[in-house]
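In what follows, a structure is listed as structure tokens, so that the remarks can point back to it.
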2 protein chains.
Amino acid sequence: MPDVKHFDPDAVLDQVVRLFWRRGADTTGIAEIVETTGLSRSSLYATFGGKTRLQAAALGRYLERQSRPVFDALAADTRGLPAITAFFERLVAARCSGEHARWGCLVTNTHATAGGALPEIREHLDRHHDALRAAMRTALQAARAEGGLRPGLDLEAAAEALTLQAYAVNLRSRAGAEAAELLAAVRAVLDGFTTTEER
Amino acid sequence: MPDVKHFDPDAVLDQVVRLFWRRGADTTGIAEIVETTGLSRSSLYATFGGKTRLQAAALGRYLERQSRPVFDALAADTRGLPAITAFFERLVAARCSGEHARWGCLVTNTHATAGGALPEIREHLDRHHDALRAAMRTALQAARAEGGLRPGLDLEAAAEALTLQAYAVNLRSRAGAEAAELLAAVRAVLDGFTTTEER
DNA sequence: CCTATCTTGGACCGGTCGTTCCAAGTTAGG
DNA sequence: CCTAACTTGGAACGACCGGTCCAAGATAGG
């Protein structure tokens with residue numbers, strides 16, 4: 001019997017993700033969300049229930065739509081080291097140029113901001129971290145299978161190290177770091193993990 | 001002839017640094033600063049001139065009092081690799097335990113937040129980055145002098161990579177990352193830069 | 001002691017924050 | 001067509017934002 005929503009909540013959430021991503025969740029007011037999405041405050045609160053909840057939802061959406069596909073591609077890429085290199089090259093490119101240049105990464109940015117907030121937000125951060133590290137480890141295992149890795153390398157620690165490098169790339173790119181500089185740093189770390197001097 | 005300040009601006013700025021560091025500059029209101037410092041709004045604005053200026057001043061103070069001494073110690077430590085290891089061990093310890101546990105780093109946190117703000121703030125970020133990278137390079141040079149480094153290692157890129165690792169340690173520690181995990185990652189990167197399997 | 005100069009407390013400003021609420025509108029089963 | 005169930009626009013809320021202002025107080029050279 002009841003009336004039905006006059007908008008697509010999924011599409012709206014995508015808009016909110018972009019807004020929080022670019023401008024920062026804390027520094028984005030409800031007014032701006034209303035303006036951008038075209039929704040009224042009523043619909044916004046009825047659908048997402050408050051700003052903190054909305055922030056958590058946006059973070060989850062970002063993880064699913066932005067991060068996950070890239071992580072999955074990394075894990076599925078069986079080439080070994082070239083897969084990891086490709087991951088970072090695309091990461092740096094996405095962070096320094098194109099549509100989302102200098103936006104950083106919503107998850108990375110949230111690390112520095114969200115003080116307490118919902119536990120759900122903190123869990124999203126951890127899930128993101130675990131997912132990226134797992135993908136890195138899978139790619140490293142593939143590299144090891146082809147004998148491309150330095151013997152004695154701790155795969156788990158190496159995966160964590162590469163994950164941290166990715167976070168730092170996200171961070172520094174938002175402050176205007178140059179792509180070449182970031183790539184050189186990544187390459188230095190990767191070279192340290194390999195046996196031969198391949199690129 | 002005139003009256004004289006009834007407080008010590010330096011001590012007040014230190015209090016503000018701690019406040020911004022722990023709670024985040026954007027999410028800390030003037031009211032809370034007034035409450036913490038005991039100053040009145042008048043004195044605050046007469047001395048520091050507005051919140052944005054205060055934030056820039058706090059960032060500069062943090063750089064001088066917190067970062068610089070550690071960077072200088074790193075650059076002055078001629079032991080080579082052990083100097084870098086010690087730097088990271090102390091960093092992780094400071095980020096995960098003690099008085100400032102889980103506060104992260106004010107400079108790192110600012111990367112993710114400060115959208116535009118004062119150009120002065122952006123400059124502080126770059127100065128911090130350059131200072132840490134320079135200290136890292138100096139330490140790496142010392143390590144190379146003793147033959148502890150893998151031949152062909154790009155010192156500049158390696159210094160940048162270690163700097164990025166430090167940023168990521170700051171970031172992740174704020175979200176509750178475990179010290180052992182962070183240390184293992186750092187060690188993996190460092191091992192990749194060395195020739196022998198020393199620690 | 002006087003006075004010019006600065007500091008201080010705290011009231012006050014308009015604006016914005018996130019949130020709530022309700023009358024009017026829309027929907028679809030009966 | 002009626003009506004119960006839901007959505008929607010938009011007014012309104014109290015709280016807080018960063019910032020300003022001024023009367024009263026403090027200071028020290030004259």
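Values below: every heavy atom of this structure, side chains too, minus hydrogens, waters and symmetry copies. Each chain gets a letter, A, B and so on, in the order its sequence line appears, and its residues count up from 1.
Distance B/His6 NE2 to C/dT7 C1': 5 Å, rounded to the nearest Å. Across the protein-nucleic acid pair, B/Arg53 atom CZ and D/dG19 atom P stand 11 Å apart, rounded to whole Å. Nucleotide D/dC17 holds its P atom 11 Å from the OH atom of B/Tyr45, rounded to whole Å. To the nearest angstrom, P of D/dC16 lies 12 Å from CZ of B/Arg41. Between B/Asp3 atom CG and D/dA26 atom C1' there is a gap of 4 Å when expressed in whole angstrom units. Taking atom CZ of B/Phe48 as the reference point, atom P of D/dT20 lies 16 Å away to the nearest angstrom. Atom P of nucleotide D/dT20 and atom CG of B/Leu44 are separated by 12 Å, given to the nearest angstrom. The NZ atom of A/Lys5 sits 6 Å away from the P atom of D/dT8 (whole-angstrom rounding).
Here the side chain of B/Phe7 is nearest to one of C/dG25, C/dT20, C/dT8, namely C/dT8. For B/Ser42, the side-chain atoms get nearest to D/dC21 when compared with the rest of D/dC21, C/dT19, D/dG18.
Side chain A/Ser40 to base D/dG10: no donor-acceptor pair is found below 3.5 Å. The base of D/dG9 lies outside donor-acceptor range of the side chain of A/Ser43, with no N or O pair under 3.5 Å.
Inter-residue side-chain proximity for A/Tyr167 and A/Leu171 is flagged as unmet; no heavy-atom pair is nearer than 4.5 Å. Between A/Arg144 and A/Leu153, the closest side-chain pair of non-hydrogen atoms falls below 4.5 Å.
DNA chain D is contacted by both B/Gly49 and B/Val4; B/Gly49 maps to the nucleotide lying nearer its 5′ end (nearest heavy atom per residue).
Backbone-only contact: A/Thr28 has heavy atoms under 4.0 Å from sugar-phosphate atoms and none from a base.
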Hey, mind stepping through A/Asp126 and B/Arg172 against salt bridge (charged side-chain N to carboxylate O under 4.0 Å, His left out) and telling me if it holds?
CA-CA 10 Å; A/Asp126 286 340; B/Arg172 279 296 300 168; 3.4 Å; yes
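Side-chain N or O atoms of B/Arg150 include one that pairs as donor or acceptor with a backbone N or O of B/Gly192 at under 3.5 Å.
Ion pair B/Arg133/B/Asp130 flagged as a salt bridge, since at least one NZ, NE, NH1 or NH2 atom sits closer than 4.0 Å to an Asp/Glu carboxylate oxygen.
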